[in-house]
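First the structure, in the form of structure tokens, and then the observations on it.
Naming: A, B, ... by sequence-line order, numbering from 1 per chain.
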Amino acid sequence: MNEEAANEGLVPKSDCLECFNIKNNDKVVNMKLPIENRKYSKEITAENDGEEVSIAGWVHEKRDLGGVFFLIVRDREGFAQVTLHKGEVDRELFEQARKVPRESVVAIGGVVKGEEKAPGGYEILPERMEVLSAASHVLPLDTTGKVGAELDTRLDARFMDLRTERTKHIFIIRSRVLNVIREFLVDRGFVEINTPKIVSAATEGGTALFPISYFEREAFLNQSPQLYKQMLMASGFDRVYEIAPIFRAEEHDTTKHLNEATSVDVEVAFVSAEEVMKILEELIAFVYSKLALYPDLNSLNLQLEVPKMPFMRITYEKALELLLEAGEQIEWGDDLSTSAEHILGERIGEHYFITDWPRAIKPFYAQPIEGKDTCNAFDLMHPRLELASGSQRIHSYELLKQSIESKGLGIDSFEFYLNAFRYGMPPHAGWGLGVERLLMSMLGIENVREVVLFPRDRRRLTP
RNA sequence: GCCCGGGUGGUGUAGCGGCCUAUCAUUGAGCCCUGUCGAGGCUCGGACUCGGGUUCAAAUCCCGACCUGGGCGCCA
């Protein structure tokens, strides 16, 4: 375990609470805590023996042994045991602790006692306790891990699901992954951009869009920042990235699709597809190597193995050959089926790229390979699912126009985009990577909904 | 959209025509217990998704609706 990784980012630098008014049992309590001493559970050790501290958190468990009563308080960092000896503490305080419903929010002030018998090596002998918010019971799900809950139940009560260790850590990991991606890209001279999510027309074709009403006009939620990040290639920002939601109105109903997902989009000028593939695989390896240091992955039932570099590259044609050997026939020009992806994944067993795709199944902006029906596009595959796709882009205005027309798309709705190709557009390439898919493949999680706080799928629009 | 499963206390489950006044665990209420760490022991409370149908009898079989898990398709 790595000490730095264990602490980094989990503990905030300062606290801002000083005094707060709380409504408790219909009477407003003006409570002042010795906030200068308020600590997270993990910040306290046996070495603080004798010190006054304050903690605040949720009542995780209560253990009533008659003469001694244990209150386990959970905060973001872990658990603190509060121990009350009958006869030694104030009777009212003892009763208050005994009666407080589980998962209520409490603030407790007391003295630290180093105690080998206590989990964490210390316990708190309380002097005062405030119930800041009493929880109703019974609870919508169990936060202690004794009884499981189905994903649907968990998502309905996500706020409470996030109080469980595994779920909490998944989202801390998600946050870290996004940070690490930014760190990697910024180090390489990338500029973060923000492009519109409300757009006037279908950007790439292919997927269905969510129509919305935009004053007196119809508009859509954007399926991808593709056209905008390309337009920026004409601006002099020659390395850009965006991490943002994308919207797809497909009625798919699987464990790896969402109607609102997060995409990492990268676009680089003056380079080839091979260059951006390198950036992509290095990024993946970097994210893995950073997150491999995350503590307690195993106890959270999460797995993470740093992939070997460089990733294997096979052409679309080679993929078809491998599939045929395995008894799966795909016609040249057809996209790979789910079972085909699984067969390839099993044969290769690690991340790999599929390159040189037929033009017909890739978007209009992919650069055709001269004299062939293929284009300079690639998919990054994980053995279980597709993670990213990208290509060398067409940067010639005339060729791009032709390509749009040959796909049967209306030139008019692309005018704003095409314009950027008329006044000096460098060659460029890029890709889009699904954040949720990266996370689920990285952590061995089966359902994409697990890695989104409030997922949007075919049926779910709340919470 | 297609094909298979499934809907039983708050949660997770057993039961799959009569033996169901429905099992077990956990949660909840209460009691006993001075070192718990999935504490233990005792008492009590709490459920068959909805609507039709078959049958002497339906949680159990059939039909429909709704919800839900998985596979596929579409898609990234």
Side-chain angles (χ1 to χ4, degrees), chain A residues 60-72 78-89 94 98-99 101-103 113 115-121 123 125 135-157 160-161 164 203-209 223-226 245-265 334-342 361-363 377 379-382 385-390 431-438 440-441 446-449 457-460:
Chain A
H60 187 68
E61 279 190 277
K62 298 189 292 179
R63 297 205 187 93
D64 186 354
L65 279 69
V68 61
F69 183 87
F70 301 106
L71 194 71
I72 314 299
F79 306 92
Q81 174 166 292
V82 178
T83 305
L84 298 95
H85 295 277
K86 197 173 191 172
E88 290 176 33
V89 294
F94 191 87
R98 239 168 54 84
K99 287 285 188 311
R102 286 171 61 229
E103 293 304 323
K113 183 183 168 211
E115 173 58 71
E116 275 185 25
K117 284 179 283 188
E123 61 191 13
L125 306 177
S136 310
H137 48 235
V138 299
L139 303 170
L141 44 84
D142 168 44
T143 56
T144 63
K146 287 179 200 161
V147 184
E150 291 193 11
L151 185 56
D152 195 55
T153 307
R154 290 170 47 204
L155 291 176
D156 280 339
M160 187 155 288
D161 181 43
T164 64
T203 50
E204 306 172 35
T207 194
L209 301 180
Q223 69 180 94
S224 133
Q226 181 65 33
I246 55 174
F247 305 91
R248 312 268 161 116
E250 297 294 334
E251 297 198 1
H252 32 48
D253 195 3
T254 77
T255 52
K256 57 185 183 190
H257 288 93
L258 291 167
N259 295 296
E260 178 177 348
T262 307
S263 168
V264 178
D265 268 89
D334 284 350
D335 209 345
L336 302 185
S337 62
T338 306
S339 72
E341 282 181 9
H342 290 170
I361 49 173
K362 285 293 173 188
D379 279 6
L380 172 63
M381 309 296 297
H382 174 272
L385 74 174
E386 181 186 335
L387 293 182
S389 62
W431 43 257
L433 164 72
V435 170
E436 287 80 17
R437 289 191 172 190
L438 173 63
M440 65 190 285
S441 61
E446 295 294 329
N447 196 316
V448 69
R449 279 154 262 243
D457 63 28
R458 179 68 188 88
R459 299 194 184 91
R460 186 173 283 278

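- Using a 4.0 Å heavy-atom cutoff across all strands shown, A/Asp379 reaches no nucleic acid atom at all.
- Residue A/Ser337 is in sugar-phosphate contact alone, with no base atom involved, counting any heavy-atom pair closer than 4.0 Å across all strands shown.
- When heavy atoms are screened at a 4.0 angstrom cut-off, A/Asp142 is found touching no nucleic acid atom at all.
- B/G7 and B/C61 are spaced 9 Å apart, taking the P atom of each and rounding to whole Å.
- Classification of A/Arg248 and A/Glu250 as a salt-bridged pair fails, no side-chain N sitting under 4.0 Å from a carboxylate O.
- At a threshold of 4.0 angstrom between heavy atoms, the contacts of A/Asp457 with the nucleic acid are absent.
- Rounded to whole Å, the C1' atom of B/U36 lies 16 Å from the corresponding atom of B/C32.
- Counting only heavy atoms from C-beta on, A/Arg63 has its side chain closest to B/U36 among B/U11, B/G1, B/U36.
- Looking at heavy-atom distances under 4.0 Å, A/Leu258 makes contact with a base.
- Base pairing of B/C42: its partner is B/G30, meeting the Watson-Crick or G-U wobble criterion (both donor-acceptor distances under 3.5 Å).
- When heavy atoms are screened at a 4.0 angstrom cut-off, A/Glu115 is found touching base atoms of the nucleic acid.
- Taking 3.5 Å as the limit, the base of B/U36 and the side chain of A/Gln81 contain a donor-acceptor pair of atoms between them.
- For B/A22, there is no paired nucleotide, since no Watson-Crick or G-U wobble pair has both relevant distances below 3.5 Å.
- A/Lys256 comes within 4.0 angstrom of nothing in the nucleic acid, heavy atoms only.
- Of all the heavy atoms in A/Ile246 and A/Ser224, the pair that sits closest is CG2-CA, 3.9 Å.
- A salt bridge links A/Asp156 with A/Arg460: the distance from a Lys NZ or Arg NE/NH1/NH2 to an Asp or Glu carboxylate oxygen falls below 4.0 Å.
- Nucleotide B/G9 holds its C1' atom 15 Å from the CG atom of A/Leu139, rounded to whole Å.
- Taking atom P in both B/G40 and B/C2, the straight-line distance is 49 Å, to the nearest Å.
- Counting distance only, with no hydrogens placed and no angle test, the side-chain atoms of A/Glu123 and the base atoms of B/G35 include a donor-acceptor pair under 3.5 Å.
- Across all strands shown, A/Pro140 has heavy atoms under 4.0 Å from sugar-phosphate atoms exclusively, and none from any base.
- A/Gly434 comes within contact range of no nucleotide atom at all, as no heavy-atom separation falls under 4.0 Å.
- Among the protein residues, A/His257 comes within range of the nucleic acid bases, having at least one heavy atom under 4.0 Å from a base atom.
- The residue among A/Lys362 and A/Glu116 whose nearest nucleotide of RNA chain B lies closer to the 5′ end is A/Glu116.
- Residue A/Ser339 is out of contact with every strand shown, counting any heavy-atom pair closer than 4.0 Å.
- Separation of the P atoms belonging to B/A59 and B/G9 is 15 Å when rounded to the nearest angstrom.
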